[in-house]
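Okay, so here's the structure we're looking at.
Predicted model only: the values in this text are computed from it and were never measured. Indexing begins at 1, ligand by ligand and atom by atom, following the structure's order. Quick note: residue numbers are just sequence positions, from 1.
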Amino acid sequence: MEFKDMDIRPELISNLAQHGIVTPSEIQARSIPAIMAGHDLLAESETGSGKTLAFAVPMIESLQHAHGMVQAIALCPTRELAKQVAGEFDKYLKHTDLRTVTVYGGVGYEPQIDAIPDSDIVIGTPGRILDLMERNALKLDGVRYLVLDEADRMLDMGFIDDIEQVIDATPEDRQTLLFSATIDYRIEVISKKYMRDPILIRAKSQEVRGHLFQGYYVVNPWQKISLLHQLLRGHKDWVALVFCRTIVATDHVAAELAKRGIDACALNGDMSQAKREQTVKEFQDHKFNILVATDVAARGLHVDGITHVFNYDLPDEAETYVHRVGRTARQGANGDAITFLSEDDYRKFDPIMDRYDDEIEKLTYHAWGRLERIPPSPPRPPRGEGRPSGGMRGAPRGGPRRGPRR
Ligand code: ADP
Ligand code: MG
């Protein structure tokens with residue numbers, strides 16, 4: 001099913017499509033019709049599964065701008081999450097005259113107070129919403145939709161009293177929509193108290209994957225470091241995992257990148273547990289952006305927002321390749337997986353190509369300029385442009401030798 005098969009206006013469908021959103025995730029496919037039919041909802045689905053649009057789409061569809069009356073309110077645990085939710089709304093309500101306002105603490109009241117009278121949808125953290133209500137700047141008696149987003153986290157953060165006060169200020173005939181990564185007894189308590197015959201949706205197939213681009217460069221082993229440097233430099237916003245085969249290689253690559261002014265750290269089994277944990281934490285906190293790791297060291301590593309996976313060395317198993325590249329293109333974001341292929345690896349690359357139906361694109365050198373030669377490289381003729389190449393298929397010489405297709 002696609003969004004266009006749902007009972008949604010074409011303008012909204014095309015707004016979504018312009019942002020590459022065509023097929024609803026499971027939580028969206030199941031929540032949107034239930035909300036549009038007027039039900040209260042208890043929805044459980046993991047982070048990155050597209051919960052925001054699950055409630056934004058029906059609200060954008062059904063609400064109309066009404067000056068001076070807040071019609072919907074979404075409670076979020078943090079300022080960042082409130083901003084993210086508001087960002088999604090603002091992207092997709094362009095064809096309507098609806099307005100949102102985002103309210104959270106730590107900043108002045110005035111701009112928020114000024115924006116409220118003209119806003120239909122209030123998105124914010126419970127504390128500031130209450131503050132604004134107490135200052136008579138926010139009235140919730142026209143609210144038709146009440147959303148508790150990331151409810152489990154709001155409860156973890158101790159917002160239950162605030163949440164209850166906000167709910168009590170909304171009309172009883174509102175529609176209450178609760179979204180959470182996990183639904184536990186605490187949430188059942190809320191639902192018993194504040195919801196009418198809620199529909200419970202637990203989404204199984206979870207995360208929204210973005211588009212994964214896969215490509216490879218044919219490169220001499222001694223030029224890999226130069227290639228990696230060329231690709232990384234000037235891209236401070238990339239968050240990359242570079243996979244090497246050996247511990248020695250991870251140290252070497254991280255050091256060579258650091259020498260060239262690129263913030264990179266190694267992660268391998270030679271490091272103490274404490275040092276490894278510290279490195280992972282710093283990477284997760286984006287203190288540096290390039291992590292050079294062995295497969296073993298990277299096992300179980302969870303980092304959001306990886307934009308690039310580099311196979312500096314090819315793994316022995318196609319399965320390992322699949323695991324590596326699966327660390328990017330997550331939570332609806334796009335990602336690139338770039339493999340450095342040297343002649344010795346052609347044989348190992350065949351099963352990987354088979355697995356991806358030959359869809360891994362051959363990339364050429366001119367995309368990244370001239371190669372600098374790294375000592376102690378033996379003097380060899382540079383390869384690259386002008387080289388009789390022609391991609392994987394039908395390349396008699398110089399290209400990877402394809403084994404018989406299975
Ligand atoms: P959650 O709240 O479940 O953690 P979000 O609503 O923040 O997830 O969505 C995560 C990302 O996925 C966002 O960048 C969003 O734009 C994107 N996204 C949501 N739904 C889809 C979809 N149906 N197709 C592609 N990307 C989507
Ligand atoms: Mg969310």
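Every atom of ligand 1 with a heavy atom of S49 under 4.0 Å away is listed here by number and element: 1 (P), 3 (O), 8 (O). Which parts of ligand 1 touch T52 is read off a 4.0 Å heavy-atom cut-off, strictly below it: atoms 2 (O), 5 (P), 6 (O), 7 (O). Close approach of ligand 1 to E46 (heavy-atom distance below 4.0 Å) involves ligand atoms 3 (O). Those atoms of ligand 1 that come under 4.0 Å of a heavy atom in T47, given as number and element, are 4 (O). If you number the atoms of ligand 1 from 1 as listed, the ones under 4.0 Å from a heavy atom of S25 come out as 23 (N).
When the options E44, E46, E26 are evaluated for a salt bridge (Lys or Arg N to Asp or Glu O under 4.0 Å) with R202, the one that passes is E44.
Between K51 and ligand 1, at least one pair of N/O atoms sits closer than 3.5 Å. Taking any N or O of G50, backbone or side chain, at least one lies under 3.5 Å from an N or O belonging to ligand 1. Remark: ligand 1 and Q84 share no N or O pair separated by less than 3.5 Å (distance only, no angle test). Every N/O-N/O distance between V22 and ligand 1 stays at or above 3.5 Å.
At least one heavy atom of E88 sits under 4.0 Å from some atom of ligand 1. Under a 4.0 angstrom heavy-atom cut-off, S45 registers as lying outside contact with ligand 1.
Among L16, I21, T23, the residue whose heavy atom lies closest to atom 18 (N) of ligand 1 is I21.
Classification of the F89-F55 ring pair by plane angle, with boundaries at 30° and 60°, yields tilted. Using cut-offs of 30° and 60° for the angle between ring planes, the H67 and H65 rings count as perpendicular. Between Y92 and H19, the angle of the ring planes goes over 60°, which puts this pair in the perpendicular group of the 30/60° scheme.
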With side chain to side chain donor-acceptor pair (under 3.5 Å) as the criterion, how do N15 and H95 come out once you've worked through the C-alpha distance, each side chain's angles and the decisive distance to 0.1 Å? CA-CA 8 Å; N15 279 356; H95 61 288; 2.9 Å; yes

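Within 6.0 Å of the CG atom in D285, the count of heavy atoms belonging to other residues, nucleotides or ligands exceeds 12.
When you scan the N, O or S atoms of E150 for the one nearest the Mg ion (ligand 2), you land on OE2.
Relative to the ring axis of Y216, K362 does not place its NZ or CZ within 45° and under 6.0 Å from the centre. Remark: R135 is positioned above the aromatic ring of Y109, its terminal NZ or CZ atom under 6.0 angstrom from the ring centre and at most 45 degrees off the axis.
Q112 places a side-chain N or O within 3.5 Å of a backbone atom of Y104 that can act as its donor or acceptor partner.
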